Amino acid sequence: MATVNASGLATAQGEGSTNIRATWDITYINFSPGGCNFDPDNCTGGHCYHRYDTFIAEASCLVLVPHHLKVVSDDYSYTCGTTLKRAITFQIVSRTNVPIGKSIPMQELLNTGPNTCGNGQPVPSSCSSTYTDATGTFTDRISINCNSVGGSCGYSIIKTYQWCQSGRSPVTLATYSGFTHNDAISVAGYVFPPDKIPQGTFIYP
Amino acid sequence: MIALLTIGVLCSIVSAQNPQQNLPPDFGAIRGRVLNTEGHPVSGVQVNAAHAGPGPSDSLVLVTYTNRRGGFFFRRVIPAIYEVYAIKDEKDYRDISFLIDESGTATVTVYEGQVTRGVVVRLNMKRARLSARVVDAGTGQPIKNPTLFLCRNERFNYCPGTGTNQSNGQFRLLIPPITLRVKVTATDYEDWYYGNDGSKEQADVLHLAPGTTKELSISLRPIK
């Protein structure tokens, strides 16, 4: 639904596309000089008259609401010698899989099991910082990081990504379960090594 | 007059030592610049700050952009250790230089209520383009979900790796102009190594000059 106020500001709510068309009448008051006697610089009279016209302006309006995530890339490297680091980049898309194309505030909810590496629990990202770039893309960095246990130590996790809306409850964009271990990281059922999340995979709430 | 000067000097010292002003509670901040390899500021590039400890990381990477003077500022940062790096993609080509060559990455400690200043991140703008298409050696059809590893040393065990970034199953990557070893893996296929015949025994190094493009056509053999 789209509305236009008296100042001409268009407001569209809800996902979808629409055409906004505005029409308005214009009244011109023109002056017609008279008594000029073939000399336009020396007219002696004249009269006013009205002229009427109608203007039309049109614009298409596309409203995209963040709905779920699309995997852009899945990268790996190592820290502390052999501890795996995984960086997954997601793009926020609409219900119809169209990238929303703008930065929005995000947060994470983490539900983790005990960390057998003994180096603490992860701290979730909060709404107050900026994580998405100008195209609505963000990266999640996952690693147990340096620890003194090694091997396959780590924790299980259920992770939720949310869109923080000002003055409203956060909206969940995706949820997955997995694990973060020293030598392997599972995200949405893809355990690396060896399996990455294929580019283009969608992850839903 | 001397008294006024003294007060002025004291105020400027307090200002320098009291950087927590205007910072939200429980947060710190990072301020720095992105410089190219010649030491000149780089404007309009994306700067990321990724949590690197202490403790595990399961968090989103902070994002900001450099201004006209190459400066950047992360305002709301949870106190921890961060790896700060810059990336600059080109059309269709994804910049993974930071993944392979960490020499430009700055490791920064953020404290509550303080601005960590003077952080310098290096961005090598003289990168090379690597394009690769991975197909089944028998059918010639693209292989789903291969992984490309780029190693800086002789070992293939702990190398940075990435997946395809093109919808048609291709890799298009910006990489640093350094000596690398390249390996490609895929489920149910034999590993492929850059070199004469794709075998590990014949593996060779790849060193691309800045600004050049290398296109690889990689055929993987199914595991029998």
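The sequence lines fix the lettering, A, B, ..., with proteins before strands; numbering per chain opens at 1. Remember, predicted model here, so these are calculated numbers, not experimental data.
When heavy atoms are compared at a cutoff of 4.5 Å, I157(A) approaches chain B solely by way of its side chain, counted from C-beta outward. Residue contact with chain A, scored on non-hydrogen atoms closer than 4.5 Å, is absent for R75(B). Looking at T139(A), the atoms closer than 4.5 Å to chain B (heavy atoms on both sides) sit in the backbone and in the side chain alike. Heavy atoms closer than 4.5 Å to chain B are found in the backbone of P124(A), but not in its side chain. Heavy-atom distances place both the backbone and the side chain of T164(B) under 4.5 Å from chain A. With a 4.5 Å cut-off on non-hydrogen atoms, D74(A) touches chain B through its backbone but not through its side chain. Looking at A186(B), neither its backbone nor its side chain comes within 4.5 Å of chain A, counting heavy atoms on both sides. Heavy atoms closer than 4.5 Å to chain B are found in the side chain of T180(A), but not in its backbone. The contact between E102(B) and chain A is made entirely by side chain atoms (from C-beta outward), counting heavy-atom distances below 4.5 Å. Contacts between I78(B) and chain A at a heavy-atom distance below 4.5 Å involve the side chain alone, from C-beta outward.
Scanning all heavy atoms of the two residues, the minimum distance from S126(A) to F27(B) falls at OG-CZ, 4.1 Å. Across all their heavy atoms, Q166(B) and Q199(A) have their closest contact at O-OE1, 3.2 Å. Between Y161(A) and L60(B), the closest heavy-atom pair is CE2-CD2, 3.7 Å.
With chain A as the partner, the residue from A50(B), G161(B), A52(B) showing the most heavy-atom pairs under 4.5 Å is G161(B). With respect to chain B, the highest number of heavy-atom pairs below 4.5 Å among Y155(A), F90(A), F192(A), F138(A) belongs to Y155(A). Per-residue counts of heavy-atom pairs under 4.5 Å with chain B were compared for P198(A), P194(A), S103(A), A87(A); the largest is that of P198(A). Of the listed residues (S59(B), P160(B), G55(B)), the greatest number of heavy-atom pairs within a distance under 4.5 Å of chain A belongs to S59(B). When each of S77(A), P122(A), P193(A) is scored by its heavy-atom pairs under 4.5 Å with chain B, the top score falls to P122(A).
A 4.5 Å side-chain heavy-atom check between T137(A) and Q46(B) finds every atom pair outside the cut-off. In this structure, T130(A) and F74(B) have side chains that are not in contact, with every pair of non-hydrogen atoms separated by 4.5 Å or more. Counting heavy atoms from C-beta on, the side chains of V61(B) and Y131(A) never come closer than 4.5 Å.
Within a 6.0 Å radius of CD in E215(B), other residues, nucleotides and ligands contribute 12 heavy atoms or fewer. The environment of CZ in F202(A) is crowded: more than 12 heavy-atom neighbours from other residues, nucleotides or ligands sit within 6.0 Å.
A donor-acceptor distance shorter than 3.5 angstrom exists from the side chain of Y65(B) to the backbone of A134(A), with no hydrogens or angles considered. A side-chain donor-acceptor contact under 3.5 Å links K196(A) to the backbone of N145(B).
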Show me the side-chain donor-acceptor pairs of residues 19-30 of chain A shorter than 3.5 Å, one per line, residues at least two apart or across chains.
{"from": "D25(A)", "atom 1": "OD1", "to": "T54(A)", "atom 2": "OG1", "distance (Å)": "3.0"}
{"from": "N30(A)", "atom 1": "ND2", "to": "Y49(A)", "atom 2": "OH", "distance (Å)": "3.1"}

Could you pull out all donor-acceptor pairs under 3.5 Å where a side-chain atom in residues 105-119 of chain A meets a protein atom, sequence neighbours excluded?
{"from": "Q107(A)", "atom 1": "NE2", "to": "Q162(A)", "atom 2": "OE1", "distance (Å)": "2.6"}
{"from": "E108(A)", "atom 1": "OE1", "to": "S125(A)", "atom 2": "N", "distance (Å)": "3.0"}
{"from": "E108(A)", "atom 1": "OE1", "to": "S125(A)", "atom 2": "OG", "distance (Å)": "3.1"}
{"from": "E108(A)", "atom 1": "OE2", "to": "K159(A)", "atom 2": "NZ", "distance (Å)": "3.3"}
{"from": "T112(A)", "atom 1": "OG1", "to": "Q121(A)", "atom 2": "NE2", "distance (Å)": "2.8"}
{"from": "N115(A)", "atom 1": "OD1", "to": "C117(A)", "atom 2": "N", "distance (Å)": "2.9"}
{"from": "N115(A)", "atom 1": "ND2", "to": "N119(A)", "atom 2": "OD1", "distance (Å)": "2.6"}
{"from": "N115(A)", "atom 1": "ND2", "to": "G120(A)", "atom 2": "O", "distance (Å)": "2.7"}
{"from": "T116(A)", "atom 1": "OG1", "to": "G154(A)", "atom 2": "N", "distance (Å)": "2.8"}
{"from": "T116(A)", "atom 1": "OG1", "to": "G154(A)", "atom 2": "O", "distance (Å)": "3.1"}
{"from": "N119(A)", "atom 1": "ND2", "to": "I144(A)", "atom 2": "O", "distance (Å)": "2.8"}
{"from": "N119(A)", "atom 1": "ND2", "to": "C146(A)", "atom 2": "O", "distance (Å)": "3.4"}

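Remark: D58(B) CG to I185(A) CD1 distance equals 8.0 Å, nearest 0.5 Å.
Between the side chains of S57(B) and N145(A), at least one donor N or O sits under 3.5 Å from an acceptor N or O.
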Checking side chain to side chain contact (heavy atoms under 4.5 Å, CB included) for the pair S129(A)/L62(B): CA distance, chi angles, key distance, verdict? CA-CA 7 Å; S129(A) 301; L62(B) 294 157; 3.4 Å; yes
